[in-house]
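Quick note: numbers below take in every heavy atom, side chains included, and nothing from hydrogens, waters or symmetry partners. A, B, ... follow the sequence lines: proteins, then strands. Residue 1 opens every chain.
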Number of protein chains: 2
Amino acid sequence: MNIGDVAQLSGLPAKTIRYYEDIGLVKPLRSANGYRSFRDCDVHKLAFLGRARALGFSIEDCRNLLKLYEDDHRTSAEVKQIAEMHLGRIDQKITELTEMRATLAHLVNACAGDNRPDCPILADLAPKQDENALLDQPG
Amino acid sequence: MNIGDVAQLSGLPAKTIRYYEDIGLVKPLRSANGYRSFRDCDVHKLAFLGRARALGFSIEDCRNLLKLYEDDHRTSAEVKQIAEMHLGRIDQKITELTEMRATLAHLVNACAGDNRPDCPILADLAPKQDENALLDQPG
DNA sequence: ATTGACCTTCCAGCAAGTGGAACCCCTATC
DNA sequence: GATAGGGGTTCCACTTGCTGGAAGGTCAAT
């Protein structure tokens with residue numbers, strides 16, 4: 001199969017598939033004309049990668065998951081560990097974003113959004129008087 | 001003030017401050033010896049940037065917010081618009097992550113995490129039979 | 001004179017691709 | 001045979017927001 005067909009089937013852009021070959025995630029054969037020639041197993045791998053990336057796994061995680069996927073002697077504990085690590089990172093990210101969201105929503109709510117210059121958002125971002133005092137006064 | 005002091009005060013790494021100068025966010029003076037010389041207004045800007053970045057605003061957003069911050073003729077509507085856009089992006093990101101989290105938590109939960117190879121996580125990532133059928137059979 | 005802590009510039013690299021240029025290949029049509 | 005189109009190929013640059021390191025200049029103290 002040529003790259004265009006694989007792109008259609010896997011939903012991954014051809015550019016991304018070439019990139020994945022570049023970094024060694026897939027190793028398609030080559031036809032006599034130099035075109036990449038994808039076997040079913042390559043297509044399976046790409047579908048796997050697409051799913052894993054959609055779940056937010058990093059490329060390095062994907063590489064390791066793929067290795068386990070193809071290793072008959074893997075243990076589910078190895079797979080679970082990667083997934084749990086990733087889950088932890090997602091939770092942390094969600095926590096960060098939720099905190100940002102709260103602050104920001106509060107500020108947006110407080111802002112009149114009219115044609116006057118006074119703005120609680122800028123007021124919050126600007127250094128406070130106390131902080132300036134630290135800068136302006138020696139000691 | 002030298003960059004080290006400003007780094008201490010603002011909490012931003014010196015490298016980051018140099019980078020912010022590079023991309024035109026601050027324009028410190030230079031001392032005779034070539035060292036950057038930061039005025040109070042530069043330090044204020046950097047503190048502003050630090051806060052804005054901590055709220056997740058992009059550098060381009062920061063650039064615009066800074067411009068508004070320094071513009072006496074700004075309107076709070078302009079500021080609010082940037083913040084609302086950003087809030088929207090955060091909400092979208094939270095939604096994505098929450099969906100990932102749900103799927104992933106479900107899979108992790110279903111995985112025994114023992115020394116056997118069977119793993120619902122890999123099973124979920126692997127292409128399904130139906131999908132393979134599309135590939136294996138001429139359509 | 002020399003240490004050590006500063007500061008300077010520039011160059012490379014991270015994740016995970018994306019866009020574009022310049023070029024080759026294959027088929028179909030005129 | 002020429003040409004148009006729609007594939008494919010490589011390589012290089014760019015994205016975001018820094019971070020690390022090398023090679024070297026400056027300054028205060030010993």
Output yes when a side-chain donor or acceptor of B:Ser10 lies under 3.5 Å from a complementary backbone atom of B:Val6, and no otherwise.
yes
Can you check whether A:Leu25's main-chain N or O pairs, donor with acceptor, with A:Arg63's side chain at less than 3.5 Å?
no
Between B:Arg30 and C:dT9, is there a contact of a side-chain N or O with OP1 or OP2 at under 4.0 Å?
yes
Can a donor-acceptor pair be found, under 3.5 Å and without considering hydrogens, that links the side chain of B:Ser31 to the backbone of B:Asn33?
no
Rounded to whole angstrom units, what separation is found between the CG atom of A:Leu12 and the C1' atom of C:dT18?
14 Å
Does any pair with a residue in residues 97-115 of chain B pass side-chain hydrogen bond (donor to acceptor under 3.5 Å, both in side chains), and if so which ones, sequence neighbours excluded?
A:Ser76-B:Asp114, A:Asp91-B:Arg101, B:Asp114-B:Arg116
Can you tell me the distance, in whole Å, between the CG atom of A:Asp61 and the C1' atom of C:dA16?
14 Å
Without decimals, in angstroms, what is the distance between A:Leu25 CG and C:dG17 C1'?
12 Å
When B:Ser58 and B:Ala32 are each assigned the nearest nucleotide of DNA chain D, the 5'-most assignment goes to B:Ser58
Round to the nearest Å and state the distance from B:Gln8 atom CD to C:dC6 atom C1'.
13 Å
State which residues pass side-chain contact (heavy atoms from CB on, under 4.5 Å) with A:Glu21; sequence neighbours excluded, sorted by chain then number.
A:Val26, A:Pro28, A:Arg30, A:Arg36
Terminal helix-axis angle for the helix from C:dA1-D:dT30 to C:dC30-D:dG1, with five pairs defining each axis and rounding to 10 degrees
40°
A:Glu21 has an atom CD; how far is it from atom P of D:dT10, in whole Å?
7 Å
For B:Arg18, salt bridge (charged side-chain N to carboxylate O under 4.0 Å, His left out) partners two or more places apart:
none
Atom-to-atom span, CZ of B:Phe57 to P of D:dT16 - whole angstrom
17 Å
Check this one for me: any side-chain N or O of A:Arg36 less than 4.0 Å away from OP1 or OP2 of D:dT9?
yes
Grab the N/O contacts between the protein and nucleotides 2-7 of chain D below 3.5 Å, and write none if there aren't any.
unit_1 : atom_1 : unit_2  : atom_2 : d
D:dG7  : N2     : A:Tyr35 : OH     : 3.0

For nucleotides 18-22 of chain D, give me every protein contact, N/O to N/O, under 3.5 Å, one pair per line with atom names.
unit_1 : atom_1 : unit_2  : atom_2 : d
D:dC18 : OP2    : B:Tyr20 : OH     : 2.7
D:dC18 : OP2    : B:Arg53 : NE     : 2.6
D:dC18 : OP2    : B:Arg53 : NH2    : 3.2
D:dT19 : OP2    : B:Thr16 : OG1    : 2.7
D:dG20 : N7     : B:Lys15 : NZ     : 3.0
D:dG20 : O6     : B:Lys15 : NZ     : 3.0
D:dG21 : O6     : B:Lys15 : NZ     : 2.3

Could you check whether B:Arg53 pairs with B:Asp61 (Lys NZ or Arg NE/NH1/NH2 to Asp/Glu carboxylate O, under 4.0 Å)?
no
Are B:Thr75 and B:Glu78 linked by a side-chain donor-acceptor pair shorter than 3.5 Å?
yes
B:Lys45 bridged to B:Asp42 by N-O distance under 4.0 Å
no
Please determine whether a side-chain nitrogen or oxygen atom of A:Arg18 lies at a distance below 4.0 Å from atom OP1 or OP2 of D:dT9.
yes
Give a yes or no on this: more than 12 heavy atoms of other residues, nucleotides or ligands lie within 6.0 Å of atom CD of B:Glu96.
yes
Check whether A:His44 reaches the backbone of A:Arg39 with its side chain - one donor and one acceptor, N or O, closer than 3.5 Å.
no
Please give, in whole Å, the distance from D:dG17 P to B:Glu60 CD?
8 Å
Nucleotide D:dT16, atom C1' - distance to NE2 of B:His86 in whole Å:
14 Å
Considering just the side-chain nitrogens and oxygens of A:Asn33, establish if one lies under 4.0 Å of OP1 or OP2 belonging to C:dC26.
yes
Spell out, yes or no, whether B:Ile23 and B:Leu49 are grouped together once hydrophobic residues are joined by side-chain heavy atoms under 4.5 Å, including indirect joins.
yes
